[in-house]
Amino acid sequence: MNQSEIGPIVNGSKCCSTKAVVDDPDSLHRKKTAIRLAGPSKFQVIADFDNTLTKYWVDGCRGQSSHALLQQENPEYNAKRDELFNYYHPIEYDPNIPVDEKTKLMEEWWGKTHGLLIEGGLTYDAIRSSVASGVIAFREGVERDIPVLIFSAGLADIIEEVLRQKLHRTFKNVKIVSNRMKFDQNGNLVSFTGKLIHSLNKNEHALDMAASLHDHLGEVDDQIIDSASVKKRTNVLLLGDHMGDLRMSDGLNYETRISVGFLNHNIENSLDSYRKGFDIVYLDDAPMSGVVKLVSELFSPATD
């Protein structure tokens, strides 16, 4: 790393800027060199969506997730989903519950929530209006053309609608592996396709679990990217906002991985674990500009 890139010290770590923490610059340098030497054909980005690609704070208000912004036409079902959130959300983050037990409870939560969306008569028109009025925004710099595979325990249809409404375009190089809805010809939700994806199984295994519509993930660099060829891209830039997001690449036998964590709140209590887990940690709802610069460095002829 160039000396010009090293800023002040945060809790004993060298920083790329006042809002970034790098615990081991030498390790990061080695990883950047390895990815650059392998070239872009071996590279992919795996990203979480909520609070990673999107902001934690939006105009002074807490940003909503793809689940939270969704409002059904029947408010009774919104209240029922809120009750489920209030019950299961503390369980999701309870460190005293074994992973196997917690996984079953998360499957139970997501299953009940999806059931309420169908039972409550959700329509695609409600998705459009929910996104239009929702408190959600992308981090500055997300609209850059970086190949991204989004793994989300949220709702693919809402994520795609957010991309359309907030960025006013679609991206052939942004592919989404998430829970996907099936609508009838009148725009009414009738079912979900593929195996349920929740917060504890949100990793590369989801490529194998998702419905057949995910088997063809699109084109990057004029190559068809399906689940098999994605797994051949063994150099990874992983983006997440939660320690659990580090598992998103578990199913990929990667050669080199640079992990970037966005620590949006509770910094004093969480920074130590984040900087040990992630290669780079961006603080305080930072923009995506640091990641954009990193990708540019990976595939520029210049050396660190």
Side-chain angles (χ1 to χ4, degrees), residues 1 16 20-53 139 141-142 144-153 171-178 197 199-210 214-215 217-221 223-263 274-282 288 290-300 304:
M1 181 179 292
C16 299
V21 177
V22 177
D23 195 58
D24 189 343
D26 292 334
S27 173
L28 178 60
H29 173 83
R30 290 192 295 270
K31 291 181 178 183
K32 290 167 64 176
T33 300
I35 291 176
R36 181 185 296 114
L37 290 174
S41 65
K42 298 279 286 183
F43 180 74
Q44 65 173 307
V45 177
I46 299 175
D48 173 50
F49 183 75
D50 294 319
N51 302 319
T52 297
L53 298 182
R139 295 179 190 270
V142 167
R144 302 297 183 90
D145 289 327
I146 301 172
V148 175
L149 185 61
I150 297 175
F151 281 76
S152 174
F171 298 82
K172 71 175 183 179
N173 58 344
V174 176
K175 309 305 169 186
I176 300 167
V177 177
S178 186
I197 299 173
S199 60
L200 296 186
N201 69 356
K202 185 186 64 175
N203 53 40
E204 278 278 353
H205 294 297
L207 282 174
D208 301 320
M209 297 188 305
H214 288 317
D215 290 343
L217 294 175
E219 299 180 0
V220 176
D221 298 332
Q223 298 179 9
I224 298 299
I225 304 301
D226 57 17
S227 60
S229 56
V230 162
K231 292 179 180 179
K232 293 178 182 178
R233 291 176 170 258
T234 51
N235 290 329
V236 175
L237 175 62
L238 182 147
L239 311 178
D241 72 298
H242 189 279
M243 292 295 295
D245 290 333
L246 288 165
R247 298 181 57 222
M248 289 191 297
S249 58
D250 280 359
L252 181 68
N253 186 23
Y254 59 83
E255 296 174 7
T256 305
R257 184 188 75 174
I258 295 176
S259 56
V260 176
F262 290 89
L263 181 51
Y274 269 66
R275 71 182 188 185
K276 290 177 180 177
F278 291 94
D279 294 299
I280 306 171
V281 181
Y282 288 102
M288 196 62 68
V291 175
V292 173
K293 180 181 179 183
L294 172 62
V295 174
S296 298
E297 292 173 352
L298 291 176
F299 303 113
S300 67
D304 291 325

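Both backbone and side-chain heavy atoms feed into the values below; hydrogens, waters and symmetry mates do not.
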- Those residues at least two apart in sequence (or on a different chain) that pass side-chain contact (heavy atoms from CB on, under 4.5 Å) with Ala38 are Lys42, Asn235
- Task: State, with a plain yes or no, whether a side-chain heavy atom of Glu255 is found less than 4.5 Å away from one of Val236.
- Result: no
- Query: Looking only at atom types and distance, does a side-chain atom of Thr234 sit under 3.5 Å from a main-chain N or O of Tyr254, one as donor and one as acceptor?
  - Reply: no
- Message: Under the rule for salt bridge (charged side-chain N to carboxylate O under 4.0 Å, His left out), what residues qualify as partners of Asp241, not counting sequence neighbours?
- Response: none
- Give the minimum heavy-atom separation between Met288 and Phe262, together with the two atoms involved. SD-CZ, 3.8 Å
- Message: Side chains of Ile46 and Phe151, heavy atoms from C-beta outward: is any pair under 4.5 Å?
- Response: yes
- Inspect the contact between Arg257 and Asp279 and indicate whether a charged nitrogen and a carboxylate oxygen are less than 4.0 angstrom apart. no
- Task: Decide yes or no for Ser259 and Leu246: does some side-chain heavy atom of the first lie under 4.5 Å from some side-chain heavy atom of the second?
- Result: yes
- Could you check if a side-chain atom of Leu239 sits within less than 4.5 angstrom of a side-chain atom of Asp48, using non-hydrogen atoms only? no
- Message: If I compare all heavy atoms of Ala47 with all of Leu53, which pair ends up nearest, and what's the gap?
- Response: CB-CD2, 4.2 Å
- Note, Ile176 side chain near Leu149 side chain (heavy atom, < 4.5 Å): no
- Message: Tell me the closest heavy-atom pair linking Ser178 and Ala153, and the distance in Å.
- Response: OG-C, 4.3 Å
- Under 4.0 Å between a Lys/Arg side-chain N and an Asp/Glu carboxylate O for Lys276 and Asp23? no
- Trace of the ring-ring contact (aromatic ring centres under 6.0 Å, His included) decision for Phe299 with Phe43: CA-CA 10 Å; Phe299 303 113; Phe43 180 74; 5.0 Å; yes
- Donor-acceptor contact below 3.5 Å, side chain Arg36 vs main chain Glu297: yes
- Sequence neighbours excluded, the answer for side-chain contact (heavy atoms from CB on, under 4.5 Å) partners of Asp26 is Asp24, Arg30
- Val291 vs Ile280, side-chain contact (heavy atoms from CB on, under 4.5 Å): CA-CA, chis, key distance, verdict: CA-CA 10 Å; Val291 175; Ile280 306 171; over 6 Å; no
- Task: Supply the atom-to-atom distance Asn51 CG to Leu263 CG, rounded to the nearest 0.5 angstrom.
- Result: 11.5 Å
- Is Val260 close to Leu238 at the side-chain level, that is, under 4.5 Å between some pair of heavy atoms? no
- Closest approach of Arg275 and Val21, non-hydrogen atoms and distance? CB-CG1, 4.1 Å
- Query: Do Val177 and Ile197 touch side chain to side chain, with heavy atoms closer than 4.5 Å?
  - Reply: yes
- Message: With side-chain contact (heavy atoms from CB on, under 4.5 Å) as the criterion, how do Val22 and Val281 come out once you've worked through the C-alpha distance, each side chain's angles and the decisive distance to 0.1 Å?
- Response: CA-CA 7 Å; Val22 177; Val281 181; over 6 Å; no
- Item | Arg247 (side chain) donor-acceptor with Leu200 (main chain) under 3.5 angstrom | yes
- Task: For side-chain contact (heavy atoms from CB on, under 4.5 Å), just list the numbers for Thr256 and Lys32, CA-CA rounded to whole Å, side-chain angles, deciding distance to a tenth of an Å, and then say yes or no.
- Result: CA-CA 9 Å; Thr256 305; Lys32 290 167 64 176; over 6 Å; no
